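Below is one structure, written out as structure tokens, with a few remarks after it.
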There are 2 protein chains.
Amino acid sequence: MIKNTARATIADVARQAGVSKATVSRFLNHRDTLLSAEIAERVEVAVAQLGYTPSPMAQALKRGRSRLIGLVVADITNPYSVAVLRGAEKACRAAGYLVMLFNLGNESQRESAAIQALLSYQVEGFILNTMGYDAGVDAARCGKPVVLVDRLHQGLDVDFVSLNNKQAIDLSAQHLLDAGYTELLLATEPLGGVSSRIERSAAFMSFIRDHNEKVSGCCLASDAGAADLDQALRALRERAKVGRAAVISSNAVVTLRIVAAMARLGWQLGADVGLIGIDETEWSPYVGPGISTVSQPTGELGRKAAECLLDRLQGRDVAPRTILLPGVLNVRGSSDPSRR
Amino acid sequence: MIKNTARATIADVARQAGVSKATVSRFLNHRDTLLSAEIAERVEVAVAQLGYTPSPMAQALKRGRSRLIGLVVADITNPYSVAVLRGAEKACRAAGYLVMLFNLGNESQRESAAIQALLSYQVEGFILNTMGYDAGVDAARCGKPVVLVDRLHQGLDVDFVSLNNKQAIDLSAQHLLDAGYTELLLATEPLGGVSSRIERSAAFMSFIRDHNEKVSGCCLASDAGAADLDQALRALRERAKVGRAAVISSNAVVTLRIVAAMARLGWQLGADVGLIGIDETEWSPYVGPGISTVSQPTGELGRKAAECLLDRLQGRDVAPRTILLPGVLNVRGSSDPSRR
DNA sequence: TTGTACGCGTTATCAC
DNA sequence: GTGATAACGCGTACAA
């Protein structure tokens, strides 16, 4: 194994090229500030020979710019977060930034610690997809730009990128209604101040109110155990005696819980109880008769988030923007038994 | 919104406490080197008042230690990688290290760039779950410890943590055999020099040889399109005229492809063709009659990888270790039609 | 156009 | 015990 080949420093390059460090630095940073072509040549060669790359650490220390962006996700296990992450990371990389990822593993009390850690590494801005228990505030307080994804933070008036929750819920509910389901249940994780959950519930209740002659429904916001969920589904079907019952699940995690409950109850997806879930996944088409979904434009959400941030990093100081992207309906057997 | 509160520096603390920077530094780093209790008190108070935290950047610059670990994954979309990542990140964090994640998005040519980027941020070591196209070598060349997860790199003799592929394949094949399947197919992505794929294929062929009186089988290593996969499955079933046919898929991605093919062909999982996949997923129990799997101890794999690295970071210089963890069988309907 | 000298925030080595 | 001081690798006034 070859030994510790210490990284070449700017001093090494300077020596090799027979110039001063300042000259090398200038060559690297502002090539426009014309240096004699001959010197430039010499430096260029030296850089190539030594395989020199500037130390971002030292650069960050000197100018405060680290070319680092902090990305905090509540739960990396959630495919939604990963998909958004991919889009954001790609956009940041294209702009010459490196993303430092911090995963909370659903321990929201670690949020402040995460921000602090990232802050200490001089990240220039944040993309936050977290619970928002007053942690993003720390970031904003330091004057670093912040973009929120999917979840608003109380008292934080910054750029926000998200699925258009109202549109997505309306799309789902209207589809269910069109498919002949009349008794609806929105299943979500406990609201707990998470804006997307709250918005989806509100949109759902609003839809129900607006269509109360044709359909009725209610919300189940809980992390309740299996027994409780089974009970809720039984009750739902009970209520639907005259019509047909269906569930809208507010994300992929909940969708899987509903599927598990249906399996326990021995009910057929679509036939016994309809189901449509927000969040498209790779497995949606293959579970039972296929699970209907509303796909989020996750890659695009991530890209937009990154764009907002980069925008501000380049100095544009505009009013906080809210970017809402529409979901797309994927109809499958779980909301249309005729399909299988 | 409150303005740019610049981070407090060690100099600020020193001034506030009426001591020198050196004293503050000593207080922070080696508290053992006794300082007068009175001074220690003063510094402690000043640190608290100013909410001072050392700048990892400056520390890294000075001592070369960044408390950063570079983690490169081939594809963050792969749940396996994410699960390993979680385990590793947790262990690193517990040891006071921050993980910098780099996702290749399956563009293996970016591997070298990733290592370079991470290297420039002075990461102290690497955990690599990548194709291994001679990139880890860069890392090792710099004398930084490297741990490989799941995939060996040619010419890189370092710590290696992985599923025991032979055990996992034997477990799968034996189970299929016990369940009455006699014509087996191992479906994998193109081998392409990826050690885990190669090992799984080899273990499979070895199993077939060792049990050739009871069972026969072959490998399908391809990223072939839908038509080709369908064709391969038809051929498989053809060969199994006298007995029953089953597929072992070498990871979750391939499992989903097989499921899709079965759906296209209108065949029943388990009854028409058996299936068992390496990699347990959250959806396995709910696709068709449930998909049998071999779960990898992903969290543990990540933890072990981190431990190996931290070990060397603390100076232990031992011979490269190979840690193989066993898989666990989850029998479901896809390999045991009686279950549903 | 190019080089010198200083400072970014730390830590380590010396004196005191 | 404690305080100057130099250095880590870099960027940039300033002088030349």
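Only a predicted model underlies this, so the values are computations on that prediction, with no experimental measurement involved.
Side-chain contact between A:Lys21 and A:Thr9 is absent, with no heavy-atom pair separated by less than 4.5 Å. By the 4.5 Å heavy-atom criterion applied to side chains, A:Leu71 and A:Leu85 are counted as neighbours. Looking at heavy atoms from C-beta onward, A:Tyr97 lies out of side-chain contact with A:Leu309 at the 4.5 angstrom threshold.
Remark: C1' of C:dT10 and CE of A:Met57 are 13 Å apart, rounded to the nearest angstrom.
No donor-acceptor contact under 3.5 angstrom links the side chains of B:His153 and B:Ser195, judged on distance only. In the model, A:Arg86 has a side-chain atom that pairs as donor or acceptor with a side-chain atom of B:Thr77 under 3.5 Å. Side-chain polar atoms of A:Tyr52 and A:Gln16 form no donor-acceptor pair below 3.5 angstrom.
Across all strands shown, B:Ile39 has heavy atoms under 4.0 Å from sugar-phosphate atoms exclusively, and none from any base.
Evaluation of the salt bridge (Lys or Arg N to Asp or Glu O under 4.0 Å) test over residues 38-60 of chain A, restricted to residues two or more places apart or in two chains, returns A:Glu38-A:Arg42.
Protein chain B contacts DNA chain D over a range whose 5' and 3' limits, counting nucleotides with an atom under 4.0 angstrom from a non-hydrogen atom, are D:dG1 to D:dG9.
A salt bridge links B:Arg197 to B:Glu189: one of the charged nitrogens lies within less than 4.0 Å of a carboxylate oxygen.
Residue order along DNA chain D, read from the 5' end via each residue's closest nucleotide, puts B:Ala22 first among B:Ala22 and A:His30.
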Polar atoms only, N or O, under 3.5 Å: list the protein pairs with nucleotides 6-9 of chain C and their distances.
residue : atom : partner : partner atom : Å
C:dG7   : N2   : A:Lys62 : NZ           : 3.1
C:dG7   : N3   : A:Lys62 : NZ           : 3.1

